There are 2 protein chains.
Amino acid sequence: MVEKYNKNNKVSLSQVAGAAGVSKMTASRVIRGEGGYSEKTRDLVMQQVDRLGYLPNRLATVFAGDKSSTFIGVSIPDLGNEVFAHVLEGIDHKLGSFGHQTVLGLTQHTETAEEDWIRTVLSWQPAGLILTGRFHSPRSMEMLRNASLPVVEIWDLNSSPLDMSVGINHFDAGFDMGRFLVGCGYRNIGYVGTSHDTANAATTRLAGFVKAVTAGGGAVTKQLCLHDTAAYYPGYYGTEQLLTSTPTLDCIFFQNDAMAFGGMQFCAGKGLDVPGDIGIAGWGDLPIAAVLPKRLTSMHVPHLKLGQAAAEMMMSRLSGEPVHPTRDIGFQLIPGSTVRSQGLS
Amino acid sequence: MVEKYNKNNKVSLSQVAGAAGVSKMTASRVIRGEGGYSEKTRDLVMQQVDRLGYLPNRLATVFAGDKSSTFIGVSIPDLGNEVFAHVLEGIDHKLGSFGHQTVLGLTQHTETAEEDWIRTVLSWQPAGLILTGRFHSPRSMEMLRNASLPVVEIWDLNSSPLDMSVGINHFDAGFDMGRFLVGCGYRNIGYVGTSHDTANAATTRLAGFVKAVTAGGGAVTKQLCLHDTAAYYPGYYGTEQLLTSTPTLDCIFFQNDAMAFGGMQFCAGKGLDVPGDIGIAGWGDLPIAAVLPKRLTSMHVPHLKLGQAAAEMMMSRLSGEPVHPTRDIGFQLIPGSTVRSQGLS
DNA sequence: TCCCGTTGAGTTACCCGTAACGTTCAGCTA
DNA sequence: TAGCTGAACGTTACGGGTAACTCAACGGGA
């Protein structure tokens with residue numbers, strides 16, 4: 001809490017009322033356009049509003065009316081990952097169009113940072129929270145239950161959410177990719193990811209992936225889990241590590257497209273042909289995947305739509321409409337041309 | 001404003017006080033750790049805080065103490081542009097470490113969206129605002145003056161800011177790039193950008209660029225201004241448009257690295273050698289620029305540091321420390337290898 | 001002319017904390 | 001043992017706005 005930069009400089013309702021020669025209540029009614037006043041009175045009040053540059057104090061409104069605010073707390077792991085930037089953009093636009101505001105929290109993929117942020121943001125009486133991921137610390141869970149406000153868990157679809165959830169089933173998405181790569185004839189596959197990404201979604205994905213590969217008679221020979229962000233350069237040096245330790249791999253699955261692109265650059269630098277010498281698959285279908293010389297094999301997830309859906313569920317809940325507590329936003333495999341054609345194995 | 005999802009479910013200070021058998025004021029003192037109570041009392045109160053899951057209501061605190069909140073409004077043009085995502089990340093981390101919260105506003109590069117957002121966010125009594133860009137609508141300016149709170153304008157260094165400014169001089173940055181490219185022997189240069197990017201910074205950059213090129217005896221023959229986001233694909237098709245209409249260009253300067261990369265992909269697809277047939281220069285030194293097979297010629301701007309500096313200036317101002325109103329965060333030209341070597345012209 | 005409904009506008013209480021001030025009482029001094 | 005002191009705790013008022021109620025004036029119908 002900080003001393004006001006320039007206190008007493010704010011115009012209050014009673015100042016407006018005083019200047020207009022009416023009571024606070026009348027001024028309030030006029031400003032809210034609630035009716036119950038004459039045109040003459042309205043003009044008097046609005047004239048003073050303009051003259052004094054009155055801006056309503058919404059804190060007081062929330063306070064007075066036992067309402068909740070129009071804040072929606074949104075926790076995002078990090079913005080270095082393009083995926084979450086898009087999700088956040090989708091959320092903020094949709095919330096904005098409903099007159100709500102995003103209070104951001106970057107959690108660095110840690111439950112403790114999320115917990116601290118939840119505690120703080122709850123103390124500001126938000127209308128609801130949108131949280132990335134479905135794993136939260138016990139204390140976070142307790143606070144959320146106590147606060148009993150709408151919560152949307154996004155990204156990783158939670159079939160038994162705290163309140164609501166929207167996202168995709170990462171296990172299934174990983175499984176589909178695994179089955180696809182096995183179908184392309186790959187049997188000796190590597191994985192490069194990070195310990196971030198709200199770790200659990202990527203981990204779940206990997207689990208589904210491994211299951212499908214194994215079931216198809218292949219093996220995920222080597223899994224690399226970097227302590228870094230899921231971006232280009234980690235993809236580059238991760239690939240280097242992977243191929244140095246296990247040069248026999250016939251395919252690499254990356255945590256996302258940015259990393260996959262880094263991996264492709266490493267391969268290109270080493271003179272490895274993709275997909276001739278090694279197959280490459282990414283995840284997320286980021287914009288970059290579409291302008292590469294070869295279409296990157298990836299998994300499309302509608303990020304912007306996911307964010308919008310989360311905001312929509314929140315708004316529906318707040319307006320009292322019935323909301324289905326879970327929504328699967330779906331994914332779509334992009335075969336691309338950075339892996340061998342299916343059936344040519 | 002929305003009815004509380006589950007009203008009256010919040011534990012208030014007086015409930016805690018009641019349960020602990022002390023007065024509100026005593027409970028308040030204990031919870032703030034302000035002193036003036038016995039250990040016995042403290043234990044009694046804290047026990048009830050834990051039992052009831054009390055969370056202080058900061059709205060009431062702000063209200064009672066005539067303080068401002070710990071909200072900092074942050075307006076960002078869009079998050080599709082990686083640059084601003086990084087800036088935002090820098091801001092939010094730094095603010096968070098000072099116990100402040102980011103209230104996000106995505107303005108879509110329009111002054112009206114910014115104005116609406118300012119009006120709304122001011123009504124929540126923020127402690128300060130961080131705005132991208134130095135151009136604001138007249139009404140925005142008026143509101144900001146009336147509110148008399150700390151404002152940091154970022155990105156485009158404003159030598160006579162509303163209050164404070166941190167960023168770089170885009171004209172100079174553009175000029176340096178222009179001089180560099182002319183020095184490499186390029187005389188017939190094209191530009192691909194968008195009408196976004198808080199339009200004015202990119203425009204200013206371009207102006208400096210054109211000036212340097214012209215001064216060096218070259219010409220910026222064709223300027224393309226797309227109505228799209230400054231991303232890969234617009235860079236790709238923008239280059240296509242540019243080279244179709246003006247195939248004689250010897251170099252292209254892009255609004256940012258993402259667009260430059262799209263342009264390089266187009267050239268690669270057309271069998272144009274970079275820099276043999278055409279030079280390519282980007283802007284921003286985004287992570288991707290470092291993993292390309294050829295180091296992209298670019299201009300490094302410390303985005304994360306810029307965000308952090310903005311947050312730091314805000315915090316200093318709020319704690320009453322003297323703050324220099326402007327801060328040039330600097331830039332650095334990355335020669336790269338997507339242009340001919342200097343002097344070999 | 002009287003009564004009553006309608007409209008416009010004022011009054012009061014309250015939301016949840018905190019600042020400022022008031023009260024109580026244990027413990028010490030003279 | 002009266003008198004004083006200061007720690008511990010209580011009481012009151014307040015901030016900006018709104019809900020709910022009250023009140024006054026006015027106009028129309030019987």
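Keep in mind that this is a model prediction, so the values were computed, not measured. We name chains A, B, ... by the order of the sequence lines, and we start the count at 1 in each one.
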(request) Among B/E115, B/E114, B/E111, find the one that has a side chain to side chain donor-acceptor pair (under 3.5 Å) with B/H136. (result) B/E114
(message) Counting primed atoms plus P, OP1 and OP2 as sugar-phosphate and everything else as base, spell out the protein contacts along nucleotides 13-23 of chain D at 4.0 Å heavy-atom distance: B, S or - for each nucleotide, 5' to 3'.
(response) --BBBBBB---
(request) Decide side chain to side chain contact (heavy atoms under 4.5 Å, CB included) for B/D163 and B/V152; before the verdict, give the C-alpha distance in whole Å, the side-chain angles of both, and the deciding distance to 0.1 Å. (result) CA-CA 6 Å; B/D163 182 18; B/V152 182; over 6 Å; no
(message) Measure CZ/A/R42 against P/C/dA9 and give the value in whole Å, please.
(response) 12 Å
(message) Less than 4.0 angstrom between a side-chain N/O of A/T26 and OP1 or OP2 of C/dG10, yes or no?
(response) yes
(request) Apply side chain to side chain contact (heavy atoms under 4.5 Å, CB included) to B/L318 and B/H100, showing your working. (result) CA-CA 11 Å; B/L318 287 174; B/H100 283 248; 3.7 Å; yes
(request) Flag yes if more than 12 heavy atoms outside A/E39 fall under 6.0 Å of its CD atom; otherwise flag no. (result) no
(request) Return the value, rounded to whole Å, for the distance between atom NZ of A/K40 and atom P of C/dG8. (result) 12 Å
(message) Could you tell me if B/S319 and B/E321 have a donor-acceptor pair between their side chains, going purely by distance under 3.5 Å?
(response) yes
(message) Is the shortest side-chain heavy-atom distance between A/E89 and A/Q308 below 4.5 Å?
(response) no
(message) For a quick check of understanding: with a heavy-atom distance under 4.0 Å over all strands, which category does B/S23 fall into, base, sugar-phosphate or nothing?
(response) base
